[in-house]
J.: 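Okay, handing you the structure first.
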Amino acid sequence: MKANETTSGIGMIEGSAYRNKFFSVEYTLPEGYSFYNADQLTAMNSAIIKLHNDQAVLDAFKKGNAFFDMAAVAENNPNVSIVIQIAGSDATIVNEAGYIEAVRGKIIDQLNSTGAAVKSDETGTYTNLKTGDKFTAMKLAIETQGAPLYEEILCIKAGDHFMNVTVTASDEVELDSVLSHLTRIR
């Protein structure tokens with residue numbers, strides 16, 4: 001996918017770092033992680049269209065107004081992904097907290113529809129303890145097939161675009177460790 005990074009929101013992978021100048025963030029891969037390639041990202045975007053039960057989400061992915069821009073995984077299966085969504089002109093009245101609140105119920109419903117059980121969810125701020133960077137966030141505790149799973153979704157707004165950085169891990173320490181690689185570009 002080729003596009004102008006400063007107007008489309010699309011980031012670039014440079015070595016072991018994903019960099020998105022439009023959103024002013026960088027994600028450096030933790031040790032043991034690898035980025036998905038373009039074909040794998042295309043497959044992820046196609047899977048959303050096939051599996052998601054929310055019509056607005058389906059329409060956004062079908063029209064290209066929402067897409068996976070980056071995904072990475074480790075051998076022990078914690079993962080991180082970045083979805084960019086072009087919200088349109090009405091996004092000027094919504095901030096990150098408003099966006100999280102608007103999608104919160106949809107995210108919980110979608111997880112529950114896959115057989116996972118959302119045990120708790122909270123919204124607030126994620127603070128990167130290494131850099132002090134703050135991000136609007138939603139944190140979920142999930143049980144899937146009897147095992148605990150933790151997910152945190154960070155939301156960043158630039159213009160009429162939203163970036164959702166989602167990390168999933170088997171424990172909260174690992175979750176924070178993976179999230180700590182997301183920093184603001186200075």
J.: Would you say the side-chain atoms of D176 and Y126 include a donor-acceptor pair closer than 3.5 Å?
T.: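 Y126 and D176 do have a side-chain donor-acceptor pair below 3.5 Å.
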J.: Measure from the side-chain N and O atoms of S177 to the backbone N and O of V173, and report whether any donor-acceptor pair falls under 3.5 Å.
T.: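 Side chain of S177 to backbone of V173: no pair is present.
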J.: Measuring from atom CD1 of I10 to atom CE of M70, what distance do you get when rounded to the nearest 0.5 angstrom?
T.: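 Reported value, rounded in 0.5 Å steps: 14.0 Å.
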J.: When you look at I108 and M138, which way does the side chain to side chain contact (heavy atoms under 4.5 Å, CB included) test go after all the steps?
T.: CA-CA 11 Å; I108 292 169; M138 176 180 173; 4.1 Å; yes
J.: Mark yes or no for whether N112, through its side chain, and V118, through its backbone, hold a donor-acceptor pair below 3.5 Å.
T.: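 Answer holds: yes.
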J.: Can you find a pair of side-chain heavy atoms, one from Y33 and one from V178, that are under 4.5 Å apart?
T.: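 With C-beta onward as the side chain, the pair touches.
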J.: Using a 4.5 Å cut-off on heavy atoms from C-beta on, say whether the side chain of F135 contacts that of V165.
T.: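 Sidechains of F135 and V165: no contact.
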J.: Which heavy atom of Y18 sits nearest a heavy atom of F35, and at what distance?
T.: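 Heavy atoms only, the tightest pair is N-CZ, 3.7 Å.
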J.: Judged by atom type as modelled, is there a donor-acceptor pair below 3.5 Å linking the side chain of Q40 to the main-chain atoms of N37?
T.: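 Judged by distance alone, yes, a pair lies under 3.5 Å.
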J.: Please list, chain by chain and in numerical order, all residues satisfying side chain to side chain contact (heavy atoms under 4.5 Å, CB included) with V83, sequence neighbours excluded.
T.: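 Result, side chain to side chain contact (heavy atoms under 4.5 Å, CB included) vs V83: F61, F68.
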J.: What's the spacing between D69 CG and I84 CD1 if we round to 0.5 Å?
T.: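 Spacing of CG (D69) from CD1 (I84) equals 4.5 Å.
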J.: Could you measure the distance from the CZ atom of R104 to the CD1 atom of I153? Nearest 0.5 Å is fine.
T.: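 One gets 11.5 Å once the value is rounded to the nearest 0.5 Å.
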J.: Within the supplied structure, the quantity of interest is the number of heavy atoms (other residues, nucleotides, ligands) at a distance under 6.0 Å from Q145 CD; does it exceed 12?
T.: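 Counting other residues, nucleotides and ligands, CD of Q145 stays at 12 neighbours or fewer.
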J.: Quick check: closest heavy atoms across L154 and A137, and the distance to 0.1 Å?
T.: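 Looking at all heavy atoms of both residues, the closest pair is CD2-CB, 3.4 Å.
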J.: Carefully, step by step, assess T42 and Y36 under the rule side chain to side chain contact (heavy atoms under 4.5 Å, CB included).
T.: CA-CA 10 Å; T42 298; Y36 281 38; over 6 Å; no
J.: Can you measure from CG (N20) to CD1 (I13) and round to the nearest 0.5 angstrom?
T.: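 It comes to 11.0 Å.
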J.: Within the distance-only criterion (no hydrogens, no angle test), does the side chain of N128 pair as donor or acceptor with the backbone N or O of S180 below 3.5 angstrom?
T.: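 Here the side-chain-to-backbone pair exists.
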J.: Looking only at heavy atoms, what is the nearest atom pair of A72 and L29, with distance?
T.: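 Heavy-atom minimum between the residues: CB-CD2, 3.5 Å.
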J.: Please answer whether the main-chain N or O of K157 pairs with a side-chain N or O of E96 as donor and acceptor at a distance below 3.5 Å.
T.: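 It does hold such a pair.
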J.: Which residues satisfy the side chain to side chain contact (heavy atoms under 4.5 Å, CB included) test with S120, sequence neighbours excluded?
T.: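 Expected list: A141.
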J.: If you take all heavy atoms of A169 and L149, which pair is closest and at what distance?
T.: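 Distance-wise, the nearest heavy atoms are O-CD1, 3.5 Å.
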J.: Counting N and O atoms only, with roles assigned by atom type, does the side chain of H181 sit under 3.5 Å from a partner on the main chain of T28, one being a donor and the other an acceptor?
T.: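 Such a contact is found between H181 side chain and T28 backbone.
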J.: Using every non-hydrogen atom in the two residues, find where C155 and F162 come nearest and quote the distance to one decimal.
T.: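 The answer is SG-CD2, 3.6 Å.
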J.: If you apply the rule side chain to side chain contact (heavy atoms under 4.5 Å, CB included), what do you find for E26 with R19, and how did you get there?
T.: CA-CA 4 Å; E26 179 175 273; R19 180 173 279 238; 2.4 Å; yes
J.: Could you measure the distance from the CD atom of Q85 to the CG atom of D160? Nearest 0.5 Å is fine.
T.: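 Going from the CD atom of Q85 to the CG atom of D160 covers 10.5 Å.
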J.: Which pairs with one or both residues in residues 131-140 pass side-chain hydrogen bond (donor to acceptor under 3.5 Å, both in side chains), sequence neighbours excluded?
T.: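 Qualifying pairs: T127-K134, T131-D133, D133-R186, K139-E172.
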J.: For F23 and I156, which heavy atoms make the closest approach, and how far apart are they?
T.: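 Answer, listing the atom of F23 first, then I156: CE2-O, 3.4 Å.
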J.: Could you tell me the separation between the CD1 atom of I107 and the CG atom of D121, rounded to the nearest 0.5 Å?
T.: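 Going from CD1 on I107 over to CG on D121, the span is 9.5 Å.
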